[in-house]
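A short worksheet on the structure shown next.
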Amino acid sequence: MADPILSVRDLVTYFRPEEGVVRAVDGASFDLYPGGTLGIVGESGCGKSVTARSILRIVDRPGEVESGEILLRRDDGGIVDLAKIDPRRREMRAIRGGDIGYVFQEPMSSLSAFYTIGNQLMEAVRLHRAVTTKEARQRAVELLQLVGIPRPEQRVDAYSFELSGGLRQRVMIALALAAEPRILIADEPTTALDVTTQAQILDLIRRIQDERRLAVILITHDMGVIAEMADTVAVMYLGKVVESGPVDAIFHAPRHPYTQALLRSIPSVLAEPRSRLATIAGSIPHPYARPEGCPFHPRCARSIAGVCDRTVPVVTKLDERHEVRCVLYGRPAEAAE
Amino acid sequence: MTSPQTILSVEGLKKYFPIRRGLLRKVVGEVKAVDDVSFTIDRGETLSLVGESGCGKTTTSRCILRAVHPTAGAIRFRTDPTRNVDVAVLPRAELRPLRRQIQMIFQDPYSSLNPRMTIADIIGEPLLVNGVSSLAARRTRVGELLDLVQLPRAYMNRFPHAFSGGQRQRIGIARALALNPTLIVADEPVSALDVSVQAQIINLMLDLQERLGLSYLFVAHDLSVVKHVSHRVAVMYVGRIVEVASTATIFHRPKHPYTEALLSAVPTPDPRRRAKRIVLEGEVADPANAPPGCAFHPRCRYAIERCRQELPRLATVDGSLVACHRSTELGLTGVASAAHA
Ligand SMILES: Nc1ncnc2c1ncn2[C@@H]1O[C@H](COP(=O)(O)OP(=O)(O)OP(=O)(O)O)[C@@H](O)[C@H]1O
Ligand SMILES: Nc1ncnc2c1ncn2[C@@H]1O[C@H](COP(=O)(O)OP(=O)(O)OP(=O)(O)O)[C@@H](O)[C@H]1O
Ligand code: SF4
Ligand SMILES: [Mg+2]
Ligand SMILES: [Mg+2]
């Protein structure tokens with residue numbers, strides 16, 4: 001396999017508001033390969049969005065990337081550690097939007113209501129490439145065409161509020177692709193959309209990915225979307241990647257008790273009508289009151305008293321690509337600090 | 001009403017909202033949010049109303065609760081074994097006793113509970129309003145209701161902010177059950193919840209239905225959730241019902257092209273089943289300007305000339321109710337059944 005284009009190692013991002021510490025991302029590691037799709041999945045508050053924002057170095061105050069590595073392989077083969085760059089520096093601004101394009105959940109808040117979508121696309125194009133106004137406009141039309149917007153020559157002069165939710169999300173993707181990035185981070189890109197529109201957008205992402213060998217990080221809480229799109233999956237729970245591996249292993253041979261329980265609890269169109277779902281006891285703890293030891297232990301049916309509640313499990317490699325963070329899998333646990 | 005088992009019968013329901021423009025707020029058009037919708041719900045039955053954003057699901061349920069006044073149609077509700085009333089035309093003063101029997105569960109467990117009231121007061125409020133003036137009697141009933149939704153009685157004196165989304169949804173359900181309703185209208189009751197909590201609430205709703213014989217009108221856009229709760233499913237598209245059938249039939253043998261496309265678009269949580277999807281072109285039609293004929297025709301891969309001109313009526317085909325000109329000749333694909341999974 002080729003070298004990863006992005007390697008995240010032991011990423012730690014904390015928020016330190018006055019009331020306490022939120023360990024939003026607490027030791028996350030994963031790799032992204034050229035042309036590959038990494039799905040990051042987990043329930044609300046597990047740190048998916050903060051992981052994405054950490055990579056782009058746009059974490060809101062009072063949050064900060066505290067430690068870990070975010071290794072980006074650039075076009076020339078050189079490797080930069082984004083965790084070490086000052087987020088305000090020009091270099092980071094060039095990477096953000098340049099090497100790495102991104103799409104977030106709320107297209108309304110990311111698109112300006114004051115400029116036409118054409119103006120916004122042209123600006124994005126020119127930020128990363130010296131072209132004339134005419135060329136930039138031509139490029140904007142091409143981008144709209146690429147993302148399947150009908151009548152792009154006319155739509156280029158439209159405002160975002162004149163478009164439906166599905167078309168707005170397409171414009172967001174066009175914007176993310178304006179500088180021809182090699183990585184696309186899409187955080188819940190279809191969560192606000194209807195299923196048929198979601199199918200269109202997922203189709204679009206897949207098509208562009210094939211055409212350009214784009215590497216995609218797809219963040220979602222929807223296991224169905226993950227099963228459909230990802231080739232590698234990282235399952236997060238309370239800031240930690242508890243299990244990662246090839247999509248088939250995650251769905252057909254999950255090892256972490258949380259992954260297993262989560263998969264059993266998702267409703268499915270394949271289920272018997274009116275069949276009860278398996279449940280996970282309890283609920284996700286409050287951000288300020290995260291459990292000691294394994295974050296999942298209070299809800300875990302297999303937790304071992306005196307072990308899981310005291311020590312943070314280390315990562316065990318089950319095979320070349322499948323890793324799990326749970327004491328049930330062999331390796332002795334590290335003592336908690 | 002059709003049978004003594006029927007608790008609700010909606011007949012030809014319409015709700016048109018005026019579109020006003022300009023300084024004088026002149027009416028320049030109508031949003032046909034609900035346009036000739038009919039269905040029934042039996043005692044102890046769950047009917048789900050599904051369809052994409054803006055198809056009229058919420059407006060239909062708001063008509064049943066008389067939160068909005070229907071433009072036309074009848075909403076017959078059985079108040080006791082021998083009597084029914086038409087909610088659509090009932091004078092406001094006579095709605096009150098009805099409100100005990102038809103209750104609502106909301107989507108957003110965060111905004112639907114008053115943050116300044118204790119759990120006991122929130123759940124007890126409908127009792128107080130309906131004349132249970134003794135505090136002791138109310139607290140006894142609140143205790144029973146907390147048992148029913150599987151929350152500790154000790155939570156009675158706490159405030160809503162101390163609870164998770166799933167717990168708040170349980171509180172909302174307890175409150176809805178306070179007056180022993182027979183029909184519960186639940187508009188996207190689990191859409192805002194995390195998967196693990198969603199499963200708990202779905203199971204709770206199934207349990208309560210069995211124990212109390214409740215009927216549910218379950219409004220949802222998530223077809224996977226619908227599969228787990230419904231006896232029957234009604235699919236809406238731009239203000240109209242296009243298909244009604246039993247849950248198994250809708251999912252495995254859909255007869256309307258829109259139902260087929262909707263099912264095909266649902267991602268299946270199994271990477272070994274990455275099927276070729278039917279990707280619909282374009283977007284859901286605007287109910288202020290619905291296409292003539294079958295509103296689905298601009299996106300339908302089976303459309304013929306007749307579809308562009310003539311409105312298809314709901315008709316029975318192999319036990320399903322379908323509004324499609326081609327429903328008898330098309331062999332459509334549903335999802336595989338669990339048996340073949
Ligand atoms: N600006 C902030 N200040 C304080 N805490 C924050 C801030 N942003 C996020 N957090 C906390 O960080 C944790 C991770 O949040 P994050 O947004 O990454 O979750 P998520 O997995 O994206 O969830 P969702 O599925 O709800 O989008 C949460 O506990 C959240 O409350
Ligand atoms: N008070 C109102 N005034 C004008 N138009 C309205 C009003 N309420 C709803 N509508 C319109 O009626 C149509 C149906 O809306 P409704 O809320 O019933 O849809 P829905 O199926 O519940 O959608 P969603 O899945 O987004 O909740 C929409 O086009 C909506 O914009
Ligand atoms: S009536 Fe025609 S357009 Fe409408 S669903 Fe049937 S085949 Fe398609
Ligand atoms: Mg998020
Ligand atoms: Mg609605």
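A heavy-atom distance below 4.5 Å is found between the side chains of B/Ile105 and B/Ile184.
For the side-chain contact (heavy atoms from CB on, under 4.5 Å) test with B/Phe218, the passing option among B/Ile41, B/Val225, B/Asp187 is B/Val225; the others fail.
Under 3.5 Å, the side chains of A/Glu228 and B/Thr268 contain no donor-acceptor pair of N or O atoms. No side-chain donor-acceptor contact under 3.5 Å links A/Gln209 and A/Arg206. No side-chain donor-acceptor contact under 3.5 Å links A/Gln260 and A/Arg255. There is no side-chain donor-acceptor pair under 3.5 Å between A/Tyr258 and A/Arg325. Looking at B/Ser215 and B/Glu45, their side chains never bring a donor and an acceptor atom within 3.5 Å of each other. Between the side chains of B/His231 and B/Asp42, no donor N or O sits under 3.5 Å from an acceptor N or O. Side-chain N/O atoms of B/Tyr216 and B/Gln209 include no donor and acceptor closer than 3.5 Å.
Considering only heavy-atom pairs separated by less than 4.5 Å from chain B, the leading option among A/Asp203, A/Asp231, A/Thr279, A/Val269 is A/Val269. No other option in A/Gly148, A/Ser275, A/Ala278 has as many heavy-atom pairs under 4.5 Å with chain B as A/Ser275. When B/Gly334, B/Gly282, B/Ser246 are compared by the number of non-hydrogen pairs under 4.5 Å with chain A, B/Gly282 comes out ahead. The candidate with the highest count of non-hydrogen atom pairs below 4.5 Å against chain B, out of A/Leu167, A/Asp248, A/Val225, A/Asp222, is A/Asp248. Considering only heavy-atom pairs separated by less than 4.5 Å from chain B, the leading option among A/Ala230, A/Pro285, A/Pro150, A/Gly45 is A/Ala230. Comparing B/Arg299, B/His221, B/Arg277 by heavy-atom pairs within less than 4.5 Å of chain A, the highest count is held by B/Arg277. With chain A as partner, the option from B/Thr247, B/Val279, B/Asn203 having the largest number of non-hydrogen pairs under 4.5 angstrom is B/Asn203. With chain A as the partner, the residue from B/Val266, B/Val229, B/Val197, B/Ile278 showing the most heavy-atom pairs under 4.5 Å is B/Val229. The greatest number of non-hydrogen atom pairs below 4.5 Å with chain B, out of A/Met229, A/Met223, A/His221, is found for A/Met229.
Within 6.0 Å of the CD atom in A/Glu211, the count of heavy atoms belonging to other residues, nucleotides or ligands exceeds 12. For CD of B/Gln5, the number of neighbouring non-hydrogen atoms (other residues, nucleotides, ligands) closer than 6.0 Å is greater than 12.
Proximity to chain A is absent for every atom of B/Ser264, based on heavy atoms less than 4.5 angstrom apart. With a threshold of 4.5 angstrom between heavy atoms, B/Ile202 approaches chain A through side-chain atoms but not through N, CA, C or O. In this structure, no portion of A/His286 lies under 4.5 Å from any heavy atom of chain B. With a threshold of 4.5 angstrom between heavy atoms, A/Arg299 approaches chain B through side-chain atoms but not through N, CA, C or O. Interface remark: B/Asp207 contributes backbone and side-chain atoms alike to the contact with chain A (heavy atom separation under 4.5 Å). For B/Ser53, the parts lying under 4.5 angstrom from a heavy atom of chain A are both the backbone and the side chain. Residue contact with chain A, scored on non-hydrogen atoms closer than 4.5 Å, is absent for B/Gln167. Using a 4.5 Å cut-off between heavy atoms, A/Ala261 does not touch chain B at all. Contact of A/Leu262 with chain B is made through the side chain alone, with heavy-atom distances under 4.5 Å. Using a 4.5 Å cut-off between heavy atoms, A/Glu43 contacts chain B through both its backbone and its side chain.
Panel note: side chain A/His297, backbone A/Cys294; a donor-acceptor pair is recorded below 3.5 Å.
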